[in-house]
Amino acid sequence: MRKQEQKGERIIRNSLFPVSLFGIFLGVLLLMSGIHVGLVVLMNRLQWNDLIQILVPVVYWGMVAVGLTFFTRKKIRDTYEAPLHRLARATRKVAGGDFSVYVPTVHAGNRLDYLDVMILDFNKMVEELGSVETLKTDFVSNVSHEMKTPIAVIKNYAELLQTGCGTGEEREEYARNIQEAADRLSALISNILKLNKLENQSIAPEVESYDLCGQLESCILQYEELWDEKELELDVDIEERATVQADRNLMEVV
């Protein structure tokens with residue numbers, strides 16, 4: 001009896017070769033045996049030569065054996081070997097960094113077996129790996145781009161301090177801006193280090209109460225040079241204050 005398991009609303013077959021397939025083999029063999037008996041009776045009634053009566057069953061069963069062998073071989077290749085070869089080729093592509101691969105299932109609908117489920121799980125895994133890789137690439141690219149701003153600020157104000165120009169208050173402002181840029185650069189580097197923890201799902205958010213609107217304004221001002229270069233006018237409609245409970249650094253990454 002065929003064993004089955006329930007997965008959601010789908011019935012998953014635990015065998016690649018159902019009992020009905022072996023029933024087909026049994027029926028074919030019984031049919032061939034009946035034809036063989038009929039051939040023997042016919043040859044005896046027609047009083048054929050003894051050599052012919054020996055050769056005919058041998059040739060007949062040889063043809064039956066060849067037919068069943070090719071049929072069995074085709075079923076094994078289509079049901080078992082071909083899907084595994086496709087899965088192996090897809091695995092090699094994923095190992096090479098290609099996350100766009102997709103392996104079709106052998107069956108569909110309610111005819112899925114455990115090999116089809118394995119293929120579906122593989123496709124889901126590849127899709128998630130592709131999403132993680134895209135997220136990581138975008139994250140590193142964005143953070144690397146944002147690093148240029150605090151570095152430029154530190155460089156510019158350091159050059160102003162080296163000139164010795166400006167009043168005492170201006171030099172204090174330069175030093176304060178350098179410190180703020182350094183703090184921002186340190187936070188960006190910390191967020192890069194958090195990426196590995198994020199992948200391993202071991203990151204623990206540090207929840208605090210803070211002003212989200214103020215954080216949004218700060219993030220917008222970080223891109224001031226970019227929209228100034230493109231001669232864009234920014235019109236922001238935002239509340240004066242909105243207090244939230246969240247991780248300030250992770251929200252800044254968002």
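Note that these values count all heavy atoms, side chains included, but never hydrogens, waters or copies made by symmetry. The model shown is predicted, which means the values in this text are computed figures rather than measured ones.
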> Taking the side chain from Ser186 and the backbone from Ala182, do they hold a donor-acceptor pair closer than 3.5 Å?
Replying inline: no

> Quick one: ring-ring contact (aromatic ring centres under 6.0 Å, His included) pairs with a partner in residues 81-100, sequence neighbours left out?
Replying inline: none

>> Applying salt bridge (charged side-chain N to carboxylate O under 4.0 Å, His left out) as the test, list every pair that has at least one member in residues 210-221; sequence neighbours left out.
In response: Asp211-Arg241

> Under the salt bridge (charged side-chain N to carboxylate O under 4.0 Å, His left out) rule, what pairs show up with a residue in residues 148-173, not counting sequence neighbours?
Replying inline: none

> Are any of the side-chain heavy atoms of Leu84 and Met118 separated by less than 4.5 Å?
Replying inline: yes

> Out of curiosity, Leu160 CG to Asn177 CG, how far, rounded to the nearest 0.5 Å?
Replying inline: 10.0 Å

> What pairs meet the ring-ring contact (aromatic ring centres under 6.0 Å, His included) rule with one or both residues in residues 149-188, with sequence neighbours excluded?
Replying inline: Tyr157-Tyr174

> Within a reach of under 6.0 Å around CE of Met63, are more than 12 heavy atoms found that belong to other residues, nucleotides or ligands?
Replying inline: no

> Side chain of Ser33, backbone of Leu29: donor and acceptor closer than 3.5 Å?
Replying inline: yes

> Taking all non-hydrogen atoms of both residues, which atom of Val103 and which atom of Ile119 are closest, and how far apart?
Replying inline: O-CG2, 3.2 Å

> Excluding sequence neighbours, so at least two apart, what forms side-chain hydrogen bond (donor to acceptor under 3.5 Å, both in side chains) with Lys74?
Replying inline: Asp78

> Does the pair Leu42 and Asn44 meet the rule for a side-chain contact (heavy atoms from CB on, under 4.5 Å), with working shown?
Replying inline: CA-CA 5 Å; Leu42 179 63; Asn44 287 332; over 6 Å; no

>> Between Glu252 (side chain only) and Cys219 (backbone N and O only), is there a donor and an acceptor less than 3.5 Å apart?
In response: no

> Around atom CD of Glu127, are there more than 12 heavy atoms of other residues, nucleotides or ligands at under 6.0 Å?
Replying inline: no

> Can you name the side-chain hydrogen bond (donor to acceptor under 3.5 Å, both in side chains) partners of Tyr60, sequence neighbours left out?
Replying inline: none

>> Does any part of the side chain of Lys93, heavy atoms only, come nearer than 4.5 Å to the side chain of Ser100, both counted from C-beta?
In response: no

> Are Leu46 and Leu39 in one and the same hydrophobic cluster, where Ile, Leu, Val, Met, Phe, Trp and Tyr link if side-chain heavy atoms are under 4.5 Å apart?
Replying inline: yes

